[in-house]
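To keep things clear, I will list the structure first and then write my remarks on it.
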Amino acid sequence: MGKHIEKIVFIVCGVCTLLLVLKIGPKVIDIVRLLVEKPTLVYYEMTEREQEFLKEESDYQEEDAKRYDEGMLYSSEIKEVKWVRQLYADLEERYPGYQFRITWKTHTGLFGPLGYYVYYLEEEITGREFKAYVYYDDQGDYDYEKDYFYGYFVEEEYAEYIGELLKEKGVEKIAKTGGVMSTAMGKECNSTITVEEIVNEYIEGMSPSVWFFLEAKGMTEEECGEYAKWVQEKLEEINLRGMYCIYFCDMAEKEIITSEKKDMVITYRHSCESWNWGKEEEE
């Protein structure tokens, strides 16, 4: 019986070893090839912001920075520039008139490729910072991108819209509203996005986050809690998908407190995934 078990263990170990070789073998070969083959420099014309990106990637190593200024790149760096160029082109097509600058880029995951890279950007006119995800195909080539910048054009207006709906339902203590689009979106979203498109769910996969600052001067914590439950009921009646956060402050808008007096701040979060307010399909 013991020999039979040993035989089974031997076979299993052999199969696992074979699978491991088949999995990592090609990667090992590629690494060896890179070590053996001597990379060559070629001239590649770049814009100033493309050069700045490469310098950021190399942490401004003097030798590399000099090469970039001269336009002398290795093949891997040329691929980096082409991706950057495509990302800028995609963003500028969707948001004409705005100027973008990549400030940082994450690399592949610790245990292998993630299927995308994350680029951190700043829009130079508005100063807004956001992330873009660049996905690549099976060959490792640029495929498509998603980002958060579309929120700049609609999130405040959407938050105000929800606030007005609450006021119509009798919620009178709203001092201030705010919002953010918490889902990265692709070419289906651009600078022309409207509140109507979100409300009528013309764009799939969108997840707005909205917060309300409610005046609570003179109210106890218990009264704030009861009021928040009532506001929650009104949000359920409004029946729009999203995450809603309710903050209580003891002053008007200019004196809103969110950190100095934690005992006067109560937060309630309602997410569309858990509540799914009124968006269930009819059977």
Side-chain angles (χ1 to χ4, degrees), residues 24 26-153 180-181 184-192:
I24 70 173
K27 294 183 179 180
V28 173
I29 293 173
D30 289 340
I31 293 173
V32 172
R33 183 184 295 116
L34 289 173
L35 293 174
V36 174
E37 295 177 355
K38 185 177 180 180
T40 56
L41 287 168
V42 297
Y43 176 76
Y44 192 80
E45 189 171 350
M46 294 180 288
T47 64
E48 183 176 341
R49 67 178 177 178
E50 290 166 354
Q51 290 177 341
E52 286 300 312
F53 168 77
L54 289 178
K55 290 176 182 179
E56 287 278 1
E57 283 285 280
S58 66
D59 293 325
Y60 283 89
Q61 296 295 318
E62 184 176 349
E63 183 178 345
D64 291 329
K66 183 179 180 181
R67 283 196 298 108
Y68 301 148
D69 288 335
E70 295 171 351
M72 302 304 295
L73 306 180
Y74 294 110
S75 59
S76 60
E77 294 169 333
I78 292 175
K79 182 178 180 179
E80 287 272 15
V81 172
K82 287 181 177 179
W83 276 45
V84 166
R85 191 169 292 175
Q86 183 63 54
L87 175 56
Y88 281 140
D90 286 349
L91 292 172
E92 289 165 2
E93 177 184 358
R94 292 166 59 196
Y95 312 114
Y98 291 85
Q99 301 172 15
F100 303 96
R101 184 177 69 87
I102 298 170
T103 58
W104 186 246
K105 170 198 168 186
T106 62
H107 294 271
T108 53
L110 181 62
F111 300 105
L114 298 171
Y116 60 87
Y117 291 99
V118 183
Y119 289 80
Y120 295 82
L121 296 103
E122 179 181 357
E123 198 291 305
E124 297 184 349
I125 296 175
T126 63
R128 188 182 180 93
E129 297 177 345
F130 65 99
K131 291 188 295 186
Y133 298 85
V134 174
Y135 294 81
Y136 49 84
D137 58 24
D138 294 339
Q139 286 72 46
D141 295 325
Y142 190 111
D143 195 4
Y144 63 95
E145 70 90 12
K146 292 184 176 182
D147 68 87
Y148 294 94
F149 189 65
Y150 72 94
Y152 170 76
F153 303 95
V180 65
M181 295 298 156
M185 302 296 290
K187 292 188 176 181
E188 65 274 20
C189 293
N190 54 41
S191 59
T192 65

Excluding sequence neighbours, so at least two apart, what forms salt bridge (charged side-chain N to carboxylate O under 4.0 Å, His left out) with [X]?
X	result
Glu56	none
Glu122	Arg101
Glu77	Arg67

Non-neighbouring partners of [X] that pass side chain to side chain donor-acceptor pair (under 3.5 Å), sequence neighbours left out:
X	answer
Thr192	Asn190
Tyr148	none
Thr126	Glu123
Lys55	Asp69

- For the pair Phe53 and Tyr119, evaluate side-chain contact (heavy atoms from CB on, under 4.5 Å) and give the outcome as yes or no after the intermediate values. CA-CA 11 Å; Phe53 168 77; Tyr119 289 80; 4.2 Å; yes

Which atom names give the shortest non-hydrogen contact between [X] and [Y], and what distance separates them?
X	Y	result
Gly115	Tyr136	N-OH, 3.0 Å
Tyr88	Ile102	OH-N, 2.9 Å
Tyr95	Ser191	CD2-N, 3.7 Å
Asp64	Ser58	OD2-CB, 3.8 Å

- Pairwise ring pair (Phe, Tyr, Trp, His ring centres under 6.0 Å) hits with a residue in residues 59-85, at least two apart: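 Non-adjacent pairs meeting ring pair (Phe, Tyr, Trp, His ring centres under 6.0 Å): Trp83-Tyr117, Trp83-Tyr142.
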
- Query: Got a sec, which residues hit ring-ring contact (aromatic ring centres under 6.0 Å, His included) with Tyr98, two or more places apart in sequence or on another chain?
  - Reply: Phe149, Phe153

Taking atom [atom1] of [X] and atom [atom2] of [Y], what is their separation to the nearest 0.5 Å?
X	Y	atom1	atom2	answer
Leu121	Lys105	CG	NZ	12.5 Å
Tyr144	Leu87	OH	CG	14.0 Å
Leu54	Gln61	CG	CD	13.5 Å
Tyr44	Lys79	OH	NZ	13.0 Å

- Test Leu73 against Met46 for side-chain contact (heavy atoms from CB on, under 4.5 Å), laying out the working first. CA-CA 10 Å; Leu73 306 180; Met46 294 180 288; 3.7 Å; yes

- Message: Set out, in order, the CA-CA distance, both residues' side-chain angles and the distance that settles side-chain contact (heavy atoms from CB on, under 4.5 Å) for Tyr120 and Thr106, then state yes or no.
- Response: CA-CA 8 Å; Tyr120 295 82; Thr106 62; 3.6 Å; yes

- Message: Does any part of the side chain of Lys66, heavy atoms only, come nearer than 4.5 Å to the side chain of Met72, both counted from C-beta?
- Response: no

- Message: Quick one, Val81 and Gln51 - any side-chain contact, counting heavy atoms below 4.5 Å?
- Response: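 In short, these two side chains do not touch, never coming nearer than 4.5 Å.
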
- Message: Taking side chain to side chain contact (heavy atoms under 4.5 Å, CB included) as the definition, give me every residue that meets it alongside Val42, ordered by chain and number, with sequence neighbours left out.
- Response: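 Checked Val42 against side chain to side chain contact (heavy atoms under 4.5 Å, CB included); matches are Ile78.
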
- If you look only at pairs with a residue in residues 40-50, which of them pass as a salt bridge (charged side-chain N to carboxylate O under 4.0 Å, His left out), with sequence neighbours excluded? Arg49-Glu92, Glu50-Arg85

- Does any pair with a residue in residues 134-147 pass salt bridge (charged side-chain N to carboxylate O under 4.0 Å, His left out), and if so which ones, sequence neighbours excluded? Arg94-Glu145, Arg94-Asp147

